[in-house]
Student: 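I have a structure here, written as structure tokens, and I will follow up with some questions on it.
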Amino acid sequence: MKREQSEQLRKLSSAVCPSGNLARDARAFLLAHGCTGTARHSEAVAVEARRLAMALGGEPEKAYAAGWLHDISAVIPDSGRLAAARDWEVEVLPEEEALPLLLHQKLSVVIAKTVFGISDPATLDAIGHHTTLRRGAGALEKLVFLADKLSWDQPGAPPYGEAVSSALVESLDRAVSTYLHWVWERRETMRVIHPWLREAWEEMRPGPFDRTSSDC
Ligand SMILES: [Fe+2]
Ligand SMILES: [Fe+2]
């Protein structure tokens, strides 16, 4: 670990006075760094992830914690993400170098571990793949991924919201597949396609007997 990394993380850690209440601490941390919108969004994702976990038989408290921390690296501005990743010895893929916003899921894992003391692998994986998902994702990763998409931070309801919510009645995997299908149909509009998203799509895409004629 480089000295600069320790120094930057030490400064971030000094902004947290642990209260034993993760939600309170994460909100205070984000507000202390001027990330009001992210604090609001993170609470919405945490509540939605916990709701989904309760409905689908997951782990509600882990889902709630991952929801609160998934975007915690919003405290690092976009212009500083590449440098932070290199200082923190986070692997940077070419797609992430081209679009450093995509690094925020990995940077959130480092802050969750170092500043908030999270060590549970499933919780860290849910934070670390909430943007792109990945092949072989676990249930908690899928829950937090969907909660993030359903609690998006733009005006109005997400255009895929109804389809994903309907699919959730059937299963978590069906809902993930429905969302990925929506994204994949619009891949031409994406600046880069993260390889983890591509691999998640290849794994979760609807089978040939699930597709409608409009998919052909
Ligand atoms: Fe995010
Ligand atoms: Fe988010």
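Values below: all heavy atoms of this structure, side chains included; hydrogens, waters and symmetry mates excluded. Both ligands and their constituent atoms are indexed starting at 1 by order of listing.
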Student: Less than 4.0 Å between a side-chain N and a carboxylate O, is that true for Arg135 and Glu202?
Tutor: yes
Student: Which heavy-atom pair separates Ala84 from Ile76 by the least distance, and what is that distance?
Tutor: CB-CG2, 4.2 Å
Student: Under 6.0 Å from the ring centre and within 45 degrees of the ring axis: does the NZ or CZ of Arg186 meet both conditions for the six-membered ring of Trp182?
Tutor: yes
Student: Anything under 30° is parallel, anything over 60° is perpendicular, the rest tilted; go ahead and classify Phe145 against Tyr179.
Tutor: perpendicular
Student: Determine, stepwise, if the pair Arg191 / Glu95 fulfils salt bridge (Lys or Arg N to Asp or Glu O under 4.0 Å).
Tutor: CA-CA 9 Å; Arg191 280 174 57 193; Glu95 292 80 2; over 6 Å; no
Student: We want to know whether His104 and His130 form a side-chain donor-acceptor pair, criterion being a heavy-atom distance below 3.5 angstrom.
Tutor: yes
Student: Closer than 2.8 Å to the Fe ion (ligand 2), which protein N, O or S atoms?
Tutor: His41 NE2, His70 NE2, Asp71 OD2, Asp148 OD1
